[in-house]
Asker: 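Encoded as structure tokens, here's the structure I'll be asking about.
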Amino acid sequence: MAEQLRMVEAVRETLRTELGRDDDVVVYGEDVARAGGVFRATEGLVDDYPERVFDAPVAESGIVGIGVGLAATGLRPVPEIQFQSFLYQGFHQLAQHVARIRSRTRGTITCPMTIRTPYGGGIHALELHSESFEAGFSHVPGLKVVIPSSPAETKGLLTAAVRDPDPVVFMEPTRLYRSFREEVPEHHEIPLGEARVVDSGDDVTVIAWGSMLREALEAVEDVGASAEVIDPRTLSPLDTATIVDSVKKTGRCVVVHEAPRTAGLAGEITARINEEAFFYLEAPLERVTGYDVPVPMFAREDDYLPDSERIAAGVHRALDDG
Amino acid sequence: MPREDIAQFTIRSVQVLSEEEDVDEELVPSLTDDQLLALYEQMKRSRRLDERAIALQRRGELGTYAPAIGQEAAQVGSAFAMADGDWIVPSFREQSALLARGTPPHKILWYAMGMEEGAEIPGGEGAFPPSIPVGTQPLHAVGIGWGEALQGRSNVAVTYFGDGATSEGDVYEALNIAGVYDAQTVFVCQNNRYAISTRLQNQTAAETLAQKAVAAGIEGIRVDGNDVLGVYRVARDAIEKARNGTPVLIEAMTYRRSMHTTSDDPSVYREADEEVEWEARDPIVRFQVYLEDRGILDEETKSELDDRIESEIAEAIDRAREGGEDIDPADMFRYTYDEMTPELERQFEAFEGDVDG
Ligand SMILES: Cc1ncc(C[n+]2csc(CCOP(=O)(O)OP(=O)(O)O)c2C)c(N)n1
Ligand SMILES: [Mg+2]
């Protein structure tokens, strides 16, 4: 039965379903049990599964590192890192062990762990609570990186992530946690590595994920162009085929992300387009991104984050109709 | 093979002014009446700033704010023991200590208004901005404490962090490195019994946090953190030791009487009874009775002091509001590097609307 849920509830219901479906799933993290998480994404789970939902000490390196060991014993760790930038505290475990244990042991020890973490700007949070480091995680071979853009997508992608045989960094846009409800099917799995064509069109391809997707949709509506809007959903591995096919059709492309521009994923995506669709291009590829500065504190945050207006200007440039 | 016990440890706990208002005459620090009143006033100033800040946050004028209500003695007592030239390296709940070290209250408000101006520390102020990532800043204090020593100076770094922070690897590294380099560093761990919703017993199996010093080979001591005289006494001794190259970890036992931050609702994870119990153990009340009993504080002095604090904070709020009105968003480009990189320059021009992109 489908229910009207917000994203944060979709996270919770997916975890509840997976805890119920698979006895190996273990949920833990700072404040996830007793308080149900600072965003309440795990609220009530400890009541239903007290033997598999735990509060953790304030130790992100530990939270990530023990996941390697838990997984080695056959469990499926699904830890929460309270905010994405605190995953930096666990980054050495992520890059040195989580991502490599399979290749180092020639597949004999694996790490089917899903690290959930809220990320991104737009909620006027404290310093270091608004980062978007998806490019950094995507740069680590062995990790998968997933970002949902709606409640139903969250259900489908988180289900697939928890069941995936490889480690997944699952980044949840805080700005969308409570922003809207949508029908979420009780059982729903979206294969990782498949992009979604959100809107089809002929004149320009616009690629955006997380909370930027909504801004992009608003922008193309404002511009009034026939735009094909693509949400990659999985940033690593990237669904190159869907993107390339679209650009071959439209000949123009704008890539949007809130992360800083330099070495951001727009660079990777445009490189792939250049490699595979260069002769179809009718205009230079456009990037609309955050600036190359630390995400400012919230008084200046709105000036940092790309919005529909900046994206619309990028679409106009790509259409060469400015 | 011979068998012997080769290491033992004990942790001392200190209290100078008890909840029953008994005084340990041997340990009581010799402070003038003016100094005692200054301690009291600083605690009250912080309390009032927190109260006003919570109200401002509720009205949408501030972002997330972490009150120090209940922890004023732990912070003011230790900050008061610092000398000119010493450094304060705070976490995100240290307005009591920062105010006591001279940070103007409007800056604390600016920080809570999401303005980098609130983290701008003029040279020579001997303070670091708030540190949001838990447990990261003690390492900076070790660097400072060692750096001062390397340059033949006697300045000390005093760093603050919580009980939860002691679970972070960085904190262990800090304690250990301090021991290796004889860093001129004092670690003040405010054990307020909670890390957001997580109680101490779910944070560590250790009986005390002070004993974490033992494994690092430095000194550890516990103090009643709601006893401002005890905290001052222990901090003064620790700072003196640190000045001579012996780092010390102080565990100040206190209680976070208010919410973790304004985004938090403690009723989800703790009983109201517990909060009521700790209201009665409030550090400001304990010290006020002490001062009144000795005739140091009378009604007149108290109301003078309250009025002064009230108008100071009101002025700070006005100043914060004014400063918040004309911030330049383009500042975000100006401080990333000494000189803007060519690419950043291009982005800056685009931001100003001069070029595309
Ligand atoms: C590295 C890191 N992990 C997690 C958080 C989220 N967080 C903020 S405060 C806090 C609890 C800190 O507890 P404690 O050290 O006891 O300090 P207190 O809040 O009690 O002053 C947590 C988990 C953070 N800010 N930084
Ligand atoms: Mg605490």
Side-chain angles (χ1 to χ4, degrees), chain A residues 29-40 43 54-63 65 82-83 85-86 88-90 92-93 123-130 260-262 284 286-304 310 313-314 316-317 322, chain B residues 63-66 92 110-119 129-136 162-170 195-199 202-204 260-261 263-266 268-270 324 327-337 341 343-344 347-348 350-351 356-357:
Chain A
E30 293 156 22
D31 306 291
V32 305
R34 190 184 178 89
V38 291
F39 286 101
R40 305 286 176 255
E43 194 167 38
F54 303 99
D55 279 326
V58 189
E60 294 78 15
S61 168
I63 289 170
Q82 206 161 78
F83 284 89
S85 91
F86 309 137
Y88 299 145
Q89 261 76 349
H92 69 291
Q93 285 290 344
I123 58 163
H124 280 199
L126 286 164
E127 266 187 303
L128 285 164
H129 285 60
S130 309
R261 185 183 192 89
T262 295
E286 282 292 336
R287 291 187 274 174
V288 179
T289 67
Y291 301 109
D292 288 347
V293 302
V295 183
M297 291 174 69
F298 72 79
R300 294 177 170 89
E301 182 185 25
D302 293 346
D303 294 288
Y304 167 89
R310 272 180 69 200
H316 278 304
R317 286 194 301 276
Chain B
T64 310
Y65 185 86
F92 49 80
W110 275 345
Y111 187 81
M113 288 163 72
M115 293 163 56
E116 279 79 7
E117 285 81 347
S131 176
I132 294 293
V134 167
T136 48
D163 45 295
T166 64
S167 296
E168 292 280 4
D170 275 14
I196 310 188
S197 72
T198 304
R199 286 155 198 251
N202 298 326
Q203 196 65 244
T204 179
H260 168 68
T261 68
S263 317
D264 177 48
D265 172 11
V268 172
Y269 53 81
R270 73 183 183 193
I327 61 163
D328 183 359
D331 276 356
M332 68 176 144
F333 294 95
R334 299 198 174 101
Y335 298 101
T336 303
Y337 297 97
T341 62
E343 168 60 16
L344 196 52
Q347 292 179 19
F348 175 57
F351 178 81
D356 286 348

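All figures in this text were calculated on a predicted structure; none of them were measured in a lab. Every chain is numbered from 1, with letters handed out A, B, ... down the list of sequences.
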Asker: Please classify the contact between B/Asp163 and chain A as side chain, backbone, both or neither, with a heavy-atom cut-off of under 4.5 Å.
Answerer: neither
Asker: Might you point out which heavy atoms bring A/Arg300 and B/Asp328 nearest each other, and give the distance in Å?
Answerer: NE-O, 3.0 Å
Asker: Decide yes or no on side-chain contact (heavy atoms from CB on, under 4.5 Å) for B/Val134 and A/Gln89, but give the supporting numbers first.
Answerer: CA-CA 10 Å; B/Val134 167; A/Gln89 261 76 349; over 6 Å; no
Asker: Taking only residues two or more places apart in sequence or in another chain, which ones pass side chain to side chain contact (heavy atoms under 4.5 Å, CB included) with B/Tyr337?
Answerer: B/Thr341, B/Leu344
Asker: What part of B/Tyr111 lies closer than 4.5 angstrom to a heavy atom of chain A: side chain, backbone, both or neither?
Answerer: both
Asker: Which atom names give the shortest non-hydrogen contact between A/Asp303 and B/Phe351, and what distance separates them?
Answerer: O-CE1, 3.5 Å
Asker: Please look at A/Glu301 and chain B and tell me whether the side chain, the backbone, both or neither of the residue comes under 4.5 angstrom of a heavy atom of that chain.
Answerer: neither
Asker: If you look at every heavy atom in B/Ser167 and A/Ala59, which pair is closest and at what distance?
Answerer: O-CB, 3.4 Å
Asker: Does any N or O in the side chain of B/Gln347 come within less than 3.5 Å of the main-chain N or O of A/Asp292, such that one atom is a donor and the other an acceptor?
Answerer: yes
Asker: Could you check A/Asp31 against B/Ser197 for side chain to side chain donor-acceptor pair (under 3.5 Å), going step by step and ending with a plain yes or no?
Answerer: CA-CA 6 Å; A/Asp31 306 291; B/Ser197 72; 2.6 Å; yes
Asker: Between B/Gly164, B/Pro266, B/Pro130, which shows the greatest number of heavy-atom pairs under 4.5 Å with chain A?
Answerer: B/Gly164
Asker: Should A/Phe86 and B/Ile132 count as side-chain neighbours, where that means a heavy-atom distance under 4.5 Å?
Answerer: yes
Asker: Decide side-chain contact (heavy atoms from CB on, under 4.5 Å) for A/Arg40 and B/Val268; before the verdict, give the C-alpha distance in whole Å, the side-chain angles of both, and the deciding distance to 0.1 Å.
Answerer: CA-CA 11 Å; A/Arg40 305 286 176 255; B/Val268 172; 3.8 Å; yes
Asker: For A/Glu43, give me all partners under side-chain hydrogen bond (donor to acceptor under 3.5 Å, both in side chains), at least two apart in sequence or on another chain.
Answerer: none
Asker: Under 4.5 Å heavy-atom distance to chain A, tell me which part of B/Ala119 shows up: side chain, backbone, both or neither.
Answerer: neither
Asker: Quick check for you: to the nearest 0.5 Å, what is the distance between B/Ser263 atom OG and A/Leu126 atom CG?
Answerer: 7.0 Å
Asker: Could you look at B/Glu343 and say if it's the side chain, the backbone, both or neither that has a heavy atom under 4.5 Å from chain A?
Answerer: side chain
Asker: A side-chain contact here means heavy atoms from C-beta on lying under 4.5 Å apart; do A/Arg34 and B/Thr198 qualify?
Answerer: no
Asker: Under 4.5 Å heavy-atom distance to chain B, tell me which part of A/Val38 shows up: side chain, backbone, both or neither.
Answerer: side chain
Asker: Please answer whether the main-chain N or O of A/Met297 pairs with a side-chain N or O of B/Glu116 as donor and acceptor at a distance below 3.5 Å.
Answerer: yes
Asker: For B/Met113, is it the side chain, the backbone, both or neither that has a heavy atom under 4.5 Å from a heavy atom of chain A?
Answerer: backbone
Asker: Check whether any side-chain N or O of B/Gln203 sits under 3.5 Å from a backbone N or O of A/Val58 as a donor-acceptor pair, and report yes or no.
Answerer: yes
Asker: If you count heavy-atom pairs under 4.5 Å with chain A, which of B/Asp170, B/Ile327, B/Asn202 comes out on top?
Answerer: B/Ile327
Asker: Minimum heavy-atom separation for A/Ala35 and B/Tyr269, please, with both atom names.
Answerer: CB-CD2, 4.3 Å
Asker: Counting only non-hydrogen atoms closer than 4.5 Å, does A/Tyr304 touch chain B with its backbone (N, CA, C, O), its side chain (CB onward), both, or neither?
Answerer: both
Asker: Look up atom OH in A/Tyr88 and atom OG1 in B/Thr136, then write down how far apart they are to the nearest 0.5 Å.
Answerer: 13.5 Å
